[in-house]
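Shown next, in structure tokens, is the structure this report addresses.
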Amino acid sequence: MALLGHHGGTMENKKIINHYLSYLSNYKGSIALLLFLSLASAGTAIPIPAIYAHLVDKVIPNKDIETLFVMAGLLLALLALNAIISYVLTLVGSLVRKKFRSQMRSISYSKLQRLPYEQLSHFVSGDLVSRLTRDLDSLGVLLPKGIAEFIKNILIIIGIVSIMLHMSWKLTLISGIMIPLFFLFFLCMMKTLEERAKKNHETKGKLQASLQEKIEGNRDIQLTNSYEHQHQSATKIIQESESVLTHLNFHEAKMGLVFSLFPILGSGLLWGLGGYWSITNVLTLGEVIAFSYAFNYLFDPISSVFSTISEVPIELTALQRIFELFPENQQTKILPNGNKEAFIRGKIDFKKVSFGYENSPLLLQNLNFSIKPGTVTCIVGENGIGKSTLFSLLLYLYQVNQGQILIDGHPVQSYSEATLRKNISLVPQQAFLFQGSIKDNIIMGRKVSEQDFNNACELSGVFNLVKKFDKGVESLVTEKGNNLSGGEKQKIAIARALVENPSVLLLDEPTNNLDEAIKASIQQSLLLAKAGKTIILITHDLSFIEGITEIYEIKDKKIIKKEHQHA
Ligand SMILES: Nc1ncnc2c1ncn2[C@@H]1O[C@H](COP(=O)(O)OP(=O)(O)O)[C@@H](O)[C@H]1O
Ligand SMILES: [Mg+2]
């Protein structure tokens, strides 16, 4: 539909629709059932005006009581049947749509999870939530749900218009004269509707993103006494979103008004001319009554068809925002070619590696260095020099611009994600803790033996830390681990990294901001854990770990080996 074209135009919409249809293949049966119900519903509705005409013109004037009862019974049966079928149609349609939507949501979330980190970081989390909730709510209006209703209404329109044409083609044409005009007008209004719908979805996403951020950062708002400032900025976005919605609603109301003008004008013409033709014996009174009934009966299906059509751009906008996250045919695996399953010993080689973030200058240039298995390597360097980035590259969260990273002699991207994540573990600067028990946060749903779990808790000092809780490792972590101190969170993060017994352990400033006692206890953990592992540690504190094999410093985009006394 050209009228739905926006900046990408029809091509883009075509792609979106095809992508969407690919998710509907499981719903062929349901759609067939809905179509069958729609046929039955149309079949029971269309004969009704003809029965009215017959009753008024033949049966009643002829005082044919027997036929009258039969016809009245038939009328009753058809009306009742139509009501029941329509009810079932609406019910089944809603159920199918609900099921489809929840499946789409679940698929979308699963695709979003696997989006390469680099792509995911282009989006704001609140906006992503809004896409998966609000935007996804608009899905399924036409397919799978509305299509049956749509076809039913089209059939009813065709059926009733045929009957009207049969009774009087002149009256049909005259009373329907404004339909083409009405349709043209509608098309013009659709363009604006689409634009406003799109704006509405976007501002709702922005609103959610902004409120979410402000609520998450509320502690800092309180600490800086910046309520007024944040409130003003929130109010601005709230008002903007409200005004966009008002514009949309105003436009929808305008379209509604056009709908309501249609039967008013039609009825005037119909009764004026129809009445005149009845007086001059061109039409029978029964025909005029049946005609009027049919004409009024048309209004519902017509307005329903138009309102379904006007929902389509809203749905397309939502689809556009959802599929923006994972366009069709887009590789959503982080390691698309990785299939190597192997035990990783931990030999790591950076060969002429260069990297810069998107739209930023080169951060690391021509890095060449090697790490032997079973050694402890420290990386030092100023803040913001690219130390954490080095880990991200090694974990394939970002891809190098040039050069290669080899693990046990094979390119990092040749390993399967499972192998890479199992064998190389990161303790990040700030681990994310989920709501759930401490144990859940350590195991993270992975298959882990009781012994490995206990081992990780012992080494990381988690067993020591949970002594103060009644429920031990089953104690609950609140949102983002707010009920735990920095050091406690760090120990849980270390246990999480150790629990699968990785051969390479990456630690990103694990003791930053921690006091001496916790530092000592984490140091102790690492000493115990390091046997047989390759450890790479980003730190400012070289006294932290014993037995350092090499120290590298990142400086001016390069990496250089530093002389030090081997322990
Ligand atoms: N996702 C990102 N997108 C763009 N720039 C980034 C991203 N992550 C980090 N940077 C930038 O890259 C530089 C190096 O960051 P990082 O590796 O975290 O430094 P370090 O760990 O040495 O303190 C910083 O200037 C930082 O702002
Ligand atoms: Mg860092």
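All ligand and atom numbering here is 1-based and tracks the order in the structure. Values in this document were obtained by computation on a predicted structure and should not be read as measured data.
When heavy-atom distances to ligand 1 are checked against a 4.0 Å cut-off, Leu390 has no atom that comes that close, whether in backbone or side chain. The side chain of Tyr398, and not its backbone, has at least one atom closer than 4.0 Å to an atom of ligand 1 (non-hydrogen atoms only; side chain from C-beta on).
Between the side chains of Gln320 and Lys198, at least one donor N or O lies within less than 3.5 Å of an accepting N or O. In this structure, a donor-acceptor pair under 3.5 Å is absent between the side chains of Tyr396 and Glu417. Using a 3.5 Å distance cut-off with no hydrogens or angles, the side chains of Asp349 and Ser370 do pair a donor with an acceptor. No hydrogens or angles considered: a donor-acceptor pair under 3.5 Å links the side chains of Gln230 and Lys214. If you check the side chains of Tyr27 and Gln103, you find a donor sitting under 3.5 Å from an acceptor.
Considering only non-hydrogen protein atoms, atom 17 (O) of ligand 1 sits nearest to Thr389 OG1, 2.5 Å. Summary of contacts: the protein heavy atom closest to atom 22 (O) of ligand 1 is Lys387 N, 2.8 Å.
Distance screen at 4.0 Å: atom 27 (O) of ligand 1 has no protein heavy-atom neighbour inside the cut-off. Distance screen at 4.0 Å: atom 9 (C) of ligand 1 has a protein heavy-atom neighbour inside the cut-off.
The closest non-hydrogen atom to atom 12 (O) of ligand 1, taken over Phe355, Tyr357, Phe391, comes from Tyr357. When the heavy-atom distances from atom 23 (O) of ligand 1 to Ser392, Gly384, Ser388 are ranked, the shortest goes to Gly384.
Electrostatic pairing of Asp137 and Arg105 counts as a salt bridge here, judged by a charged N lying under 4.0 Å from a carboxylate O. In summary, Arg321 and Asp135 engage in a salt bridge, as defined by a charged side-chain N under 4.0 Å from a carboxylate O.
For the ligand labelled ligand 1, residue Ser121 lies outside the 4.0 Å heavy-atom shell.
In summary, no N, O or S atom of Asn383 is located under 2.8 Å from the Mg ion (ligand 2).
For an aromatic pair to be called close, the ring centres must be under 6.0 Å apart, and Phe100 with Tyr23 fails this.
Close contacts between ligand 1 and Asn383 involve ligand atoms 23 (O) [criterion: under 4.0 Å to a heavy atom].
Looking at Leu363 next to ligand 1, no N or O pair under 3.5 Å apart turns up.
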